[in-house]
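Below is one structure, written out as structure tokens, with a few remarks after it.
Below, each value reflects all heavy atoms present in this structure, side chains not excepted, and no hydrogens, waters or symmetry copies. Each chain gets a letter, A, B and so on, in the order the sequences are listed, and its residues count up from 1. Keep in mind the model is a prediction, meaning the values are calculated, not measured.
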Number of protein chains: 2
Amino acid sequence: MTDGQQASDVLQRQGAFAARDEWTAKGWCRIERALELIGTRSAMLVLRELFYGGTRFDEFARRTGLSEAVVASRLKQLHADGLVDRRPYREAGKRTRDEYVLTERGRQLFPILVALMQWGETLRDDHRTGVELVHRGCDAPLGAQVRCAAGHEVPLNQAAVRLKDEDYVKAALGRN
Amino acid sequence: MTDGQQASDVLQRQGAFAARDEWTAKGWCRIERALELIGTRSAMLVLRELFYGGTRFDEFARRTGLSEAVVASRLKQLHADGLVDRRPYREAGKRTRDEYVLTERGRQLFPILVALMQWGETLRDDHRTGVELVHRGCDAPLGAQVRCAAGHEVPLNQAAVRLKDEDYVKAALGRN
DNA sequence: GTTCTGGCTATGGTTTTCCAAAGCCAGATG
DNA sequence: CATCTGGCTTTGGAAAACCATAGCCAGAAC
């Protein structure tokens, strides 16, 4: 099997990445890294509500169906990780409270949310239930697409994986 | 606050979706649905290896760092859910085994994988480690973009949520 | 000052997720 | 036939995620 040639329709492996027995992803995988912050059901559900415009504690508890304890610890973690901001607000006749809003880092999760919704849509065929995301004005439904920096839409069979910096990785493994 | 107007930069809520106190997502949320199948760390790591072209049991165990027991049960679940196929193969001098490959439904997770990697990339700044996905030939790095069916790239502040079928939802809630 | 309420926090227990280590079995090898 | 090996499976247990219920506290409301 030559470099990159594989049995099935998956990512083409390029360069030193193909010789994967000589190294492991250790703590380098970006997916693992992302999942440390948003890899629980409760985190994703709270984030969903944040994207839907929810801002208050009991909103999150009621609309996600999660217990208050879980919501509290999840909001605390999301805040510590810089995905949500707390800011004080005050309703007439009420005391000062905090509301929760997405930070820029949190808002950058948008493609993940959209991709999950799109994929989840294909799992069953109750296409009249649930919500849809649309482009304001244009009104066309949204989806997540894989594109390269040059602007081409890239299907799986035109994509490849490789190490970002082979020399650096080899050096790091050497002194390991 | 009128329909859709909100404090922060999130999804605009349209129509009956704005009156969210009268209904709940129940079992209708596509994100929850997706997370039932791929919502664990182990599932995502095994899927990562499948996209990288891994096919065999001990490959998954070694490269994900998961225990064999977890890999076995995850592969079983992914197969039951129709994300991977098992197919028999035979190496010379070895007995017949099964290898695991992504089904079409599994391959459709591609945008989710890409979006997760892209977001994970922004979390720390060790930009020399890890892997990158590129467009074959073009060589430009990949990312996940939100676009509408009409082809426009859609930032969060130009997107909206609404119920797919308000009448259907109201009827369903009525006989609830 | 007493009461009430909204916004959490604490407690105890169940389920899910994971690991480490040992076991098992089909079939190749000797 | 006896042994070995690759590919799982089983067992036992720790840790994380979750729920239900009860509690607590700041500050309106009275």
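- Listed nucleotides D/dC8, D/dC18, D/dA22 differ in distance to B/Tyr100; the shortest reach to its side chain belongs to D/dC8.
- Rounded to whole angstrom, the span from the CE atom of A/Met44 across to the P atom of D/dA17 amounts to 15 Å.
- Picking from D/dA20, C/dT17, D/dT10 the nucleotide with the shortest atom distance to the side chain of B/Ala69 gives D/dT10.
- Side chains of A/Arg105 and A/Gln108: no donor on one and acceptor on the other come within 3.5 Å.
- Distances from the side chain of B/Arg41 to the nucleotides C/dA22, C/dC8, C/dC18 place C/dC18 closest.
- Looking at B/Leu142, B/Val134, B/Leu133 one by one, the single match for side chain to side chain contact (heavy atoms under 4.5 Å, CB included) with A/Val161 turns out to be B/Leu133.
- Of the candidates D/dC8, D/dC18, C/dC19, D/dC8 carries the atom nearest the B/Phe57 side chain, counting heavy atoms from C-beta on.
- Ion pairing of A/Asp126 with B/Arg33 is present here, as a side-chain N (NZ or NE/NH1/NH2) and a carboxylate O approach within less than 4.0 Å.
- Among the nucleotides C/dT17, C/dA20, D/dC8, the one closest to any side-chain atom of B/Thr40 is C/dT17.
- Regarding B/Gln77, its CD atom lies at a distance of 14 Å from the C1' atom of C/dC18, rounded to whole Å.
- Considering only side-chain atoms of A/Arg74, the nucleotide from D/dC8, C/dA20, D/dC18 that sits closest is D/dC18.
- Applying the 4.0 Å criterion to OP1 and OP2 of D/dT9, one finds that B/Lys76 has a side-chain N or O inside that range.
- Under a 4.0 Å N-O distance rule, the pair A/Arg41/B/Glu32 qualifies as a salt bridge.
- Partners of A/Glu59 by side chain to side chain donor-acceptor pair (under 3.5 Å), not counting sequence neighbours, listed by chain and number: A/Arg63.
- Across all strands shown, B/Gly65 has heavy atoms under 4.0 Å from sugar-phosphate atoms exclusively, and none from any base.
- Distance CG (B/Leu78) to P (C/dT17): 12 Å, rounded to an integer number of Å.
- A donor and an acceptor atom, one from each side chain of B/Glu121 and B/His127, are located under 3.5 Å apart.
- At whole-Å resolution of the value, CD in B/Glu68 and C1' in C/dG23 are 12 Å apart.
- Looking at B/Arg87 and B/Tyr100, their side chains never bring a donor and an acceptor atom within 3.5 Å of each other.
- Taking atom CG of A/Leu35 as the reference point, atom P of D/dA16 lies 16 Å away to the nearest angstrom.
- Per the geometry, CG belonging to A/Leu37 stands 17 Å off C1' belonging to D/dA17, to the nearest Å.
- For the pair B/Ser42 and C/dC18, the criterion of a side-chain N or O lying under 4.0 Å from OP1 or OP2 is met.
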Under-3.5 Å N/O pairs linking protein and nucleotides 4-6 of chain C:
from  : atom 1 : to      : atom 2 : distance (Å)
C/dG6 : N2     : A/Arg95 : NH1    : 3.1

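- A salt bridge links B/Arg162 with A/Asp139: the closest approach of a Lys/Arg side-chain nitrogen to an acidic carboxylate oxygen falls below 4.0 angstrom.
- Summarising the geometry, the separation between CG on B/Asp98 and P on C/dA26 is reported as 15 Å, rounded to the nearest angstrom.
- Here C/dG7 is the nucleotide among D/dA20, D/dC18, C/dG7 with the atom lying nearest to any side-chain atom of A/Asp58.
- For the pair A/Leu66 CG and D/dT21 P, the computed distance is 16 Å after rounding to whole Å.
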